*Asks:* 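Mind looking over this structure? Questions follow.
Note on naming: letters A, B, ... go to the chains in the order of the sequence lines (proteins, then strands), and numbering restarts at 1 for each one. Here the structure is a predicted model, which is why all the values come from computation and not from measurement.
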Number of protein chains: 2
Amino acid sequence: MKPTSTQARLLDAAESLFSERGFKGISIREITEKAEANLAAVNYHFGSKAGLMKALIERQIGPLNQLRIAELDAAEAAAGDQPLAIDNLLRIFFTAPIRHFHKPGQKLPNLLARLHQDPSPEVVEVVVSVFQPIADRFLTALHRSAPHLSEAQLITRAMFMKGAMVHAMSDGLVLASAMTEGRVSMDDPEELIEELVQFCTEGFRLHTPNSGPQAE
Amino acid sequence: MKPTSTQARLLDAAESLFSERGFKGISIREITEKAEANLAAVNYHFGSKAGLMKALIERQIGPLNQLRIAELDAAEAAAGDQPLAIDNLLRIFFTAPIRHFHKPGQKLPNLLARLHQDPSPEVVEVVVSVFQPIADRFLTALHRSAPHLSEAQLITRAMFMKGAMVHAMSDGLVLASAMTEGRVSMDDPEELIEELVQFCTEGFRLHTPNSGPQAE
DNA sequence: GTCTATACAGTGATAGAC
DNA sequence: GTCTATCACTGTATAGAC
């Protein structure tokens, strides 16, 4: 099985292996063996193991983020001067990645979830470069859609939202699957999207005092 | 600096090093060097690198979970037959760990967040053994407090909740800090607890149809 | 029991031949 | 573009000192 280029075979092999066992859990010897390439091929084509990971992440996430930004642009154009309703905004944010990744056997979200928490500078650099633009774009829109929140509240709740999404998508959900012993929590992506949209929308709508103990 | 036992020095050194750079990111040699112990000390006292991590996690999390379960027991006893209000239940769940960990320089939550996503069997075993009991306990209570939700909805939203909490606690929040460039989202733990309680309470209260597209 | 030195197979990376 | 040889490093195991 060597119908494709060495680069493509390396990317495919690395994607499935990293997704299964994590970045640090896979050796480039395993990758090159599965891809039927030489040990040095990774460094030749991608510069390093981290470079290979960055390439495969961008291959998957790049188009997805382009799609999300295009949909947000369209929705904002249609709304004119009006800010988007929070649930519409969140639906745009969640739909593309969940539809794309929420399939049986798709393990890349697990890898992404782990990368979001990885402190090594090489990994941080990749994650920031891939997700920074889309995060900025949605935070700005969210700020317009939820003007009742202080900046600290907005960022905090955006963290809650990101945590909920990342967690829900990484099917491994190691604890969850161990906890629930195989009872899948939700297998229809459309249902998961809607649950997540509703859950977070309510959270963003809430208007709470933003500091200190004070009576209502 | 060798006032304490070798075991204690190893635990302290490993905790700070793992928290900074992750489980796989730190070598036994670095740990034993910082602890002024011999390379083989880790394997002698803890059996393996994973055994050392398990010991330090249990040292920190064990008492915290005991406290949470005691508080839940007390609240349920006080409520008699009545299920607890969702916000009270969540407040008990969040308060102890956030008060304990939400301090400047405290990086253990970052490690815990990463461990929750780590696929290696050795790590999964530790995480499950430490968090399974408390997860079961709270899921049961949550089921009583939110009887309007199907089991799939309950588990799904519990995942959202866990994701939000874990994400909010791991201050690194690599993306967040990069995204917001140092603007701390929320430094008062009590404020963070209350934001998280309110955010998730609204999410659990929601009553949505639990399958298929159907008009309201 | 506790600790030490050392050996072993595995890792990512690289220089240089082809 | 590919390959081999080699480097410094990793976690682990064990023999033996105290």
*Asks:* Can you name the salt bridge (Lys or Arg N to Asp or Glu O under 4.0 Å) partners of Arg21(B), sequence neighbours left out?
*Replies:*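 In terms of salt bridge (Lys or Arg N to Asp or Glu O under 4.0 Å), with neighbours along the sequence ignored, Arg21(B) is linked to Glu30(B).
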*Asks:* Atom CG of Asn38(B) to atom P of dC3(C): distance rounded to whole Å?
*Replies:* 9 Å
*Asks:* For Glu33(B) and dG11(D), give me the distance from atom CD to atom C1', rounded to whole Å.
*Replies:* 16 Å
*Asks:* When you look at CD of Glu33(A), are more than 12 heavy atoms from neighbouring residues, nucleotides or ligands closer to it than 6.0 Å?
*Replies:* no
*Asks:* Is a donor on one side and an acceptor on the other found under 3.5 Å between the side chain of Lys49(A) and the backbone of Phe23(A)?
*Replies:* yes
*Asks:* Is the backbone N or O of Thr4(A) less than 3.5 Å from a side-chain atom of Arg9(A), with the two atoms forming a donor-acceptor pair by type?
*Replies:* yes
*Asks:* Just N and O in the side chain of His45(B): are any of them under 4.0 Å from OP1 or OP2 of dG1(C)?
*Replies:*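 No, outside the criterion.
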*Asks:* Report the C-alpha separation of Lys24(A) and Asp118(B) in whole Å, then their side-chain angles, then the decisive distance to 0.1 Å, and conclude whether the salt bridge (charged side-chain N to carboxylate O under 4.0 Å, His left out) test is met.
*Replies:* CA-CA 10 Å; Lys24(A) 294 248 178 71; Asp118(B) 198 309; over 6 Å; no
*Asks:* dC3(D) P sits how many Å from Glu36(A) CD, rounded?
*Replies:*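 It is 11 Å, rounded to the nearest whole Å.
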*Asks:* Quick one: is Thr6(A) getting a side-chain N or O under 4.0 Å of the dG1(D) phosphate, OP1 or OP2?
*Replies:*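 False: Thr6(A) side-chain N/O out of range (4.0 Å or more) of dG1(D) OP1/OP2.
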*Asks:* Using a 4.0 Å heavy-atom cut-off, write out nucleotides 7-18 of chain C from 5' to 3' as B (base contacted by protein), S (sugar-phosphate only) or - (no contact).
*Replies:* ----BBBB----
*Asks:* What integer distance in Å separates Ile31(B):CD1 from dC9(D):C1'?
*Replies:* 15 Å
*Asks:* Is any NZ, NE, NH1 or NH2 atom of the basic residue among Arg68(A) and Asp73(A) found under 4.0 Å from an Asp or Glu carboxylate oxygen of the other?
*Replies:*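 Asp73(A) and Arg68(A): not salt-bridged.
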